[in-house]
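Reading through the structure tokens given below for one structure.
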Amino acid sequence: ACGNSSSGKDVKITILQGKVENNKQFKQIAKDYEKSHPHVKIEVTSIGGGTQYDPVLKTRISSGNAPTIFSLAGPADVQQFKAHEADLSDTKAAKAAQPGTLSAVKTGGKTVGLPFNVEGYGLVYNKQVFQKAGIDPNSLTTMDKLEAAIKQIDAQKSELGIKGVFATPGKEAWVFSDHLANLYIGQDFNGNALKLYKSKKMPFTKANDMKTMIDLEKTYSIQPIMQLDYSAQVNQYFSQGKVAMIQQGDWIYPTIEGIDKDFAKNDVGMIPIPVPGEEGKMPVGTSLYWAVNSKKSTQEQKAAKDFLDWMYTSKEGKKQVVNKLHFVPAYKGYSNFKMSDPLTSAVFEYSQNHKTTGWAFPGYTGTSWDPDVAQPNLQKYLSGKQSWDKTVQNMKDGWAKQQKSSNN
Amino acid sequence: MVKINLDHIYKRYQGNTDYSVSDFNLDIKDGEFIVFVGPSGCGKSTTLRMIAGLEDITKGDFKMDGKVMNKVQPKDRDIAMVFQNYALYPHMTVFDNMAFGLNIRKNDKEDTKKRVDNAAKILGLTPYLKRKPAALSGGQRQRVALGRAIVRDANLFLLDEPLSNLDAKLRVQMRTEIAQLHQRLGRNFIYVTHDQVEAMTMADRIVIMNDGMIQQVGTPAELYSKPENKFVAGFIGSPATNFFDVKIEDGKIVNDGGINIAIPEGQYKVLEQKGYVGKDVIFGIRPEDIHAEEVAIQAFPDAIINAKIQVSELLGAESILYSNLGGTDFIAKVDARDHREPGDNVQMAFEMTKAHYFDKDTEETIL
Amino acid sequence: MVKINLDHIYKRYQGNTDYSVSDFNLDIKDGEFIVFVGPSGCGKSTTLRMIAGLEDITKGDFKMDGKVMNKVQPKDRDIAMVFQNYALYPHMTVFDNMAFGLNIRKNDKEDTKKRVDNAAKILGLTPYLKRKPAALSGGQRQRVALGRAIVRDANLFLLDEPLSNLDAKLRVQMRTEIAQLHQRLGRNFIYVTHDQVEAMTMADRIVIMNDGMIQQVGTPAELYSKPENKFVAGFIGSPATNFFDVKIEDGKIVNDGGINIAIPEGQYKVLEQKGYVGKDVIFGIRPEDIHAEEVAIQAFPDAIINAKIQVSELLGAESILYSNLGGTDFIAKVDARDHREPGDNVQMAFEMTKAHYFDKDTEETIL
Amino acid sequence: MKTKGRTIIGIVGLLLGILWLFPFYLIVSNSFKTPKGIFASVLSLPHPSTTDNYVNSFQALHFIASLTNSLIITICSVLVIILASSMAAYALQRNHSKLSSGLLLLFISAMLIPFQSVMIPLTANFGAVHFLNMWGLVIMYLGFDCSLSVFLYQGTLSSIPIAMDESAELEGASRWQIFTKVIFPMLSPITVTVAILNIIAIWNDYLLPSLVLPQAQYTIPLQMFNFFGEYTKQWHLALAGITISIIPVILFYLFAQKWIIKGVTDGAVK
Amino acid sequence: MKNRSLSFWLFLTPTLIALALVVFIPVIEGLFYSFTDWDGLTFTKMVGFQNYITLFHDKAFINAFWFTVGFVIVTVIMLNVIGLGLALLVTQKFKGNNFLRTVFFMPNMIGGLILGFIWQFIFTQGFQALGNALHMHWLLNWLTNETTGFWGLVIVTVWQMSGYIMIIYIAYLQNIPNEIIEAAKIDGASAWQRFTKITFPMIAPAFTVCMFLTLSNGFKIYDQNLSLTNGGPYNSTQMLAMDIVNTAYNSANFSLSEAKAIVFFVIVAAISLLQVAYNRKREADLH
Ligand SMILES: Nc1ncnc2c1ncn2[C@@H]1O[C@H](COP(=O)(O)OP(=O)(O)OP(=O)(O)O)[C@@H](O)[C@H]1O
Ligand SMILES: Nc1ncnc2c1ncn2[C@@H]1O[C@H](COP(=O)(O)OP(=O)(O)OP(=O)(O)O)[C@@H](O)[C@H]1O
Ligand SMILES: [Mg+2]
Ligand SMILES: [Mg+2]
């Protein structure tokens, strides 16, 4: 309905996005859109696997082959590509975005990104194991209760037919540096990524709380944790019922489903990590944002915005977002939708009930602190090479050092 | 010092349909100097290579001192060899090329140096010891190849045309050196050459081959004076023996081309015995047994022919006269004094006691 | 058909301190057949390679038809060459090897085939046309190399020992073919050989080299009978000329070793004129000019020597006698009838009219 | 004794071969497993086995289209590389001067540059002249891969007797003819080697084409990486994909190997 | 060929142009950027040698450098020994040598990234299972610390690259004229002596090439590093190329990354070219 405004001349928009696992669906959605908007052509490309998204975007931009729509991962990206980001504040989607979801992409009074979706994480658990052990996961609302439950399960591992309480992926440092640390570091910034990004200091006041949690995950995991990676955690252990729970988010659902459909449908659930002071709240946030290339012709930009609006705010678009992409929407107007799986349902539920905390970690994921300081230090701690105090100290110092030399 | 037996040996190269060597049968005595001769491609090198162990023997046994050696590695046969194509090590100096075989055997360094220096002196290679083969002339390379063999003290020496690229003077010199080496070491030598002089002077026995098969084995004198077939007669001696198709009639050989010559009595008797009278045979006479001197003409009055010189070559002491008799070319080697120019008509006499007769079909020697 | 001038040409290879060819000066007439001879390493191949343009000329000019060619690319010189080391294309069949030069020139395919087939027939290579060089015998490879040249119709033919690995019979045959080719095409040929017979029979003129320098240029007969210095006298003829150190005294040559021989009057006059009487000179006499026949002994009574045979070789029609006279080895080539065994004492006569005399210092010919 | 030696060699070879093949066993056996099966036990044989992975991955890879693209790009690039670098190596090897050694060092040093450091300027330059497509990619491969190829050719050229050039030159061949008719054929073992090395590099390359190619020209590896998400790796599809995509290379290799023959220069010179 | 001749240049033109376009011009641009504050898209100012000063204080870079040096030393030796060994093995006459050639080369047919992922399986599952079954402790816990990470990388690299090195050696081995080997046999050289005294000197160019290749590849290795250990744990197995890439893309510090690349290039070039020059000289002495 909106596409027809473009004066009858054909436009082609290109999309480069960082979520490979959804590329196929995006392509289908684009096809549908092309059907109803005959003058628009959409080409969707994604970057996957071993290569990072940023270098490709950069080379595409610098070689004059820039996409019309691209994705941004957080404030650091916003900063890096600021010359190419169009203001999206006047789009329908921006207006419909849920409060808080745009805070990371607001810069100089402009809104330069639209969230893909929201995601949430916590402890994804195996219903059967908990049932057998006689524990109600929803009752684990404090660290003490959680710890007691963990110990109980650990004690009857063999009866429960599991190899460990957790499968803790020591190889995937981001699980700790981003998701876990966010819960504790983020408290100092109210869960606001932008604030964190701009902060010269990292107080890390809740470091001790984090130690308790990380120690639990470390001690009660299948060993050696430093050998476990994401697919060991999710595909090999959790999805095959070999552990009671893992610290992950709703995005793992398709993977579980790929391994065992029935198990995915019936036996998984997610509870928030009982962070002291923020019990019962799930960390929900946005990992990727859409941006529109401001260097493209206005006509092309317009077509791009129209497409995004259509996807997130039209009736057909919404259906696609929920049913095809299995996204938990970051936008208003989805209340009558039902999420398709237990994990997204959990996220959706928590966010509908506003029982959420914010994601502060996008404030550091794009900086070198994450890969150069946080991740190696946490891994050192996990492999027993370094004390917790030293780890925390290094993280704080590293942050201060980085922020001192950066100019934002 | 070994006894060597080649026992009905055959060789067919992969990809060929014919045998390159067939039914090669030869016993070599201790310390013998054997020379292989034969036309290009007759299988001389192939035979050497089988003896060396470089080619598999297709059929038959090769024995050294009675032991079958077919499967023994070349390196364990204790052989020194001069390759027809030299096969120098391009990355080694002349010295190292020659010293290689000794070094491999952990020969005393000093002794090696002495031997190589000595060989280099003999071969005239002393100034080139530090060069790589690529910076040598053809003959120098060949001498290096020869040097590689003569420094060795092997059981058996195989020399494949080792002197072909040397000048006459050097060749004579080398011939002597090789002969001396043979005498000194008392080892078996097998020597391939195309040079008749070399073959005649060096060999204890000559093996003459054609088309992969042995034609005759014998001392040089035997081959020269008692060739077993037309091939041998035609091959040994240079220029080659002249052959005429003739008929034996009335104690004479005759043909349409102007030959009408009396056969010495002894010869005729044998021909008669063997039943060749009245038959066509091949008559052979060597160029050096055709004379043009007055003395000879008078000495052999019933063995005279008349021919017109077609080409003549004066070679210092001798003259080679090319003529034609009734369609058959023939060559006479006469004293330089009797040199004639093309176009001259000359009377020549055949020295019939030296004549040979061959069966027309089998080409075997009759007499 | 070109006139070729080599104008004081020098060549020094990189890395060498000496010149491999020095002051090479030669004019070749239209259609001449030139033969280079000389000891191994004397610079024959180097000279050919400079003519072909394969080596840079260090100094001097090479001209064809008056035009300096030093910088002209080999391919533009229209030359056919037989390399001493063959240089066959290992990846091509014999046919393709021979046809290559013609194909490059876009010669008509059929004509090429005809020429190659014809050459193969002459060379006895017809059965091998489909083979690769690696599957040929040494002589066959050499014939391919020769074939590559003879199919061509070049301005200038350079043949570097093209027959060295062939048997005597084939060699004679090839010699004739090359001579015929030369006659038919009327092109210039430069031919390197170690074979005296080839040199003597094929050459219009022979260039005899030593140590990179020309020793003498002349017709075969000139070189044989009028060598300009001791080197030439010693090089041409096989076995080589015998040299004795003698003193000229009283119309005689004498030395301590038992030589006491009258000098023919005419010769003595010249020696006297040139002031050699009473002086030491080098006396040279060819093996074939030393006689052992009774007749000769009687004919040359004041040119008799007595020697003990050390080695003797019977070569069919001739016999080579190796003796020593007062410390100087010498060789006589006598008729097979006069063959003697080692240890025999023999009277021999020098045919003094054929004798040569050389200055002891310069080694130039006196007479 | 000869045969005994061969047996020992054969056994050693067999053992090494098994060691080398083991990862391929993993690839192939897991490609027939269900996703669950893969993670249940990586090392076991597939049971239950399925060929679905092949069907799905064949589709997901747009196999025919991406195979065509891969083939075009690989074949063109390799042909260009072989021709250009053998020519260059020939020029450098047959010329003995400071200049040619200098040029060779230049070629060699080009091999040392980490690709990632030129990636952005490179694509920017090519983009500026609208050459970000297959043909631009072919030029880039020539630039990146010619050094190694020149280096390889240069080394073997030294074993081809200069007499070959000389003889051809005398027969009237131009430099180009000498090269194409005489030298190049004799280089065949190294040409095959160069071809193999470049083919596998180009066939498997991901990063460069991902920067250069428009979607319509996507190659197999580009499609393949769709199986490797940010978090999830669809191993079952990827392994099937790997299996079908290396078959062409293996076939080529088996075919090409015959050309690496012994003794190309045998019988050339005495 | 004379270097003034036209054909000399004509033969070189295609490669020189491609090299210039693809390598040299971009490198010069990169060199320039290393003196700026380039962020991959634009730069605002020249910073002089700032980036170069920074990098010499960059612990990660220094660590990566030494880790890489160790890796290079080990792999260069192993790859050449094993690669040449395999080449010699499969050029022997025995049944199945052709098959083995294919087998040894096959690892190259899979890209480095995927290979790394596959080997993770082997190290974590295969080694673990084997270690438990055989009670061999050293087989356990691979890739969880620097040492096993290092050897893991070495194993994968050797497994993959030795077939590559092998076929280069094979190509050169095949070029040795038969007759020379035959001459050595006659001279009494054993198989080993033929190898050391004849074969090896004759394939000296291959040795130069392979040394260079293994050296430069070792320094430049990235894919396997990324997919096998991703630099972990705690960046202890991060190699130079990865550090450079991460500097650029994770930290968005492109100019520093370019500076690192230049320093890296200079170091590697110095080592490799020295090696080549040395070996070439040796070769020249040989021919
Ligand atoms: N490439 C080279 N580098 C250095 N010196 C060389 C080279 N080629 C030949 N020589 C030297 O130059 C001299 C002349 O060599 P040339 O090949 O011309 O000899 P030749 O007369 O053909 O000898 P032969 O009859 O043995 O073939 C020799 O002493 C040789 O060692
Ligand atoms: N490697 C090979 N493959 C196939 N045939 C071969 C091979 N080597 C030689 N021949 C053939 O075998 C026959 C004998 O070759 P050989 O080399 O023994 O001849 P030769 O007597 O040494 O000749 P020459 O005097 O020419 O060197 C020849 O016809 C030749 O073509
Ligand atoms: Mg032979
Ligand atoms: Mg020569």
Side-chain angles (χ1 to χ4, degrees), chain B residues 13 15-16 20 37-46 84-85 124 128 131 135-143 160-161 164-172 176 194-197 200-201 220-221 224-225 234-240 286-289 313-318 320 333 336, chain C residues 13 15-16 20 37-46 84-85 124 128 131 135-143 160-161 164-172 194-197 200-201 220-221 224-225 234-240 286-289 311 313-318 320 333 336:
Chain B
Y13 283 101
N16 288 5
S20 290
V37 297
S40 170
C42 70
K44 304 179 294 295
S45 300
T46 304
Q84 190 172 8
N85 58 4
Y128 308 109
R131 291 218 195 142
L136 296 179
S137 80
Q140 286 161 348
R141 288 182 203 177
Q142 190 164 40
R143 282 179 273 160
D160 200 346
E161 303 191 30
S164 61
N165 276 70
L166 303 184
D167 55 285
K169 205 165 161 185
L170 201 55
R171 200 181 299 197
V172 172
T176 324
H194 284 310
D195 185 321
Q196 302 249 343
V197 179
M200 296 305 240
T201 55
Y224 184 81
S225 52
F235 195 81
I236 294 287
S238 174
R286 292 193 186 277
E288 53 267 38
D289 296 328
E313 293 168 350
L314 184 63
L315 306 174
E318 293 142 354
I320 312 281
K333 187 167 165 189
Chain C
Y13 282 102
N16 288 4
S20 288
V37 297
S40 169
C42 71
K44 305 178 295 294
S45 300
T46 304
Q84 188 173 9
N85 61 1
Y128 308 110
R131 289 219 194 141
L136 296 179
S137 81
Q140 286 161 347
R141 289 183 200 177
Q142 189 164 42
R143 282 179 272 161
D160 201 346
E161 304 190 30
S164 60
N165 277 70
L166 304 184
D167 56 287
K169 206 165 164 185
L170 201 54
R171 200 182 297 198
V172 171
H194 284 310
D195 185 320
Q196 302 250 342
V197 180
M200 295 307 242
T201 54
Y224 185 81
S225 51
F235 195 80
I236 295 287
S238 173
R286 293 194 184 276
E288 52 267 39
D289 297 328
V311 180
E313 293 169 350
L314 184 62
L315 306 175
E318 292 142 356
I320 313 280
K333 187 167 164 191

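Chain naming here is simple, since letters A, B, ... match the order of the sequence lines and numbering starts at 1 in each. These values consider heavy atoms only, across backbone and side chains, with no hydrogens, waters or symmetry-generated copies.
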Heavy-atom contact with chain C under 4.5 Å, split by part of B:Arg141 = side chain
Checking heavy atoms, do the side chain of B:Asn165, its backbone, both or neither come under 4.5 Å from chain C?
-> both
Chain C contact via B:Pro220 - which portion, at a heavy-atom distance below 4.5 Å | neither
Who wins among B:Glu161, B:Lys333, B:Gln196 for the most heavy-atom pairs under 4.5 Å with chain C?
-> B:Glu161
Just how far is it from atom CD of C:Glu313 to atom CE of B:Met200, taken to the nearest 0.5 Å?
-> 11.0 Å
How many angstroms lie between OG in B:Ser164 and CG in C:Leu166, if you round to the nearest 0.5 Å?
-> 10.0 Å
Residue list, side-chain hydrogen bond (donor to acceptor under 3.5 Å, both in side chains) with B:Arg131, at least two apart or on another chain | none
Picking from B:Gly41, B:Ser45, B:Gly237, which has the most non-hydrogen pairs under 4.5 angstrom with chain C?
-> B:Gly41
Chain C heavy atoms under 4.5 Å from B:Asn16: which part of the residue, side chain, backbone, both or neither?
-> side chain
For the candidates B:Gly234, B:Cys42, B:Ala168, which exhibits the highest count of non-hydrogen atom pairs separated by less than 4.5 Å from chain C?
-> B:Ala168
Against chain C, label B:Lys44 side chain, backbone, both or neither, depending on which of its atoms sit under 4.5 Å from a heavy atom there.
-> neither
Test side chain to side chain donor-acceptor pair (under 3.5 Å) applied to C:Ser40 and B:Arg143, B:Gln142, B:Gln140, the passing residue | B:Arg143
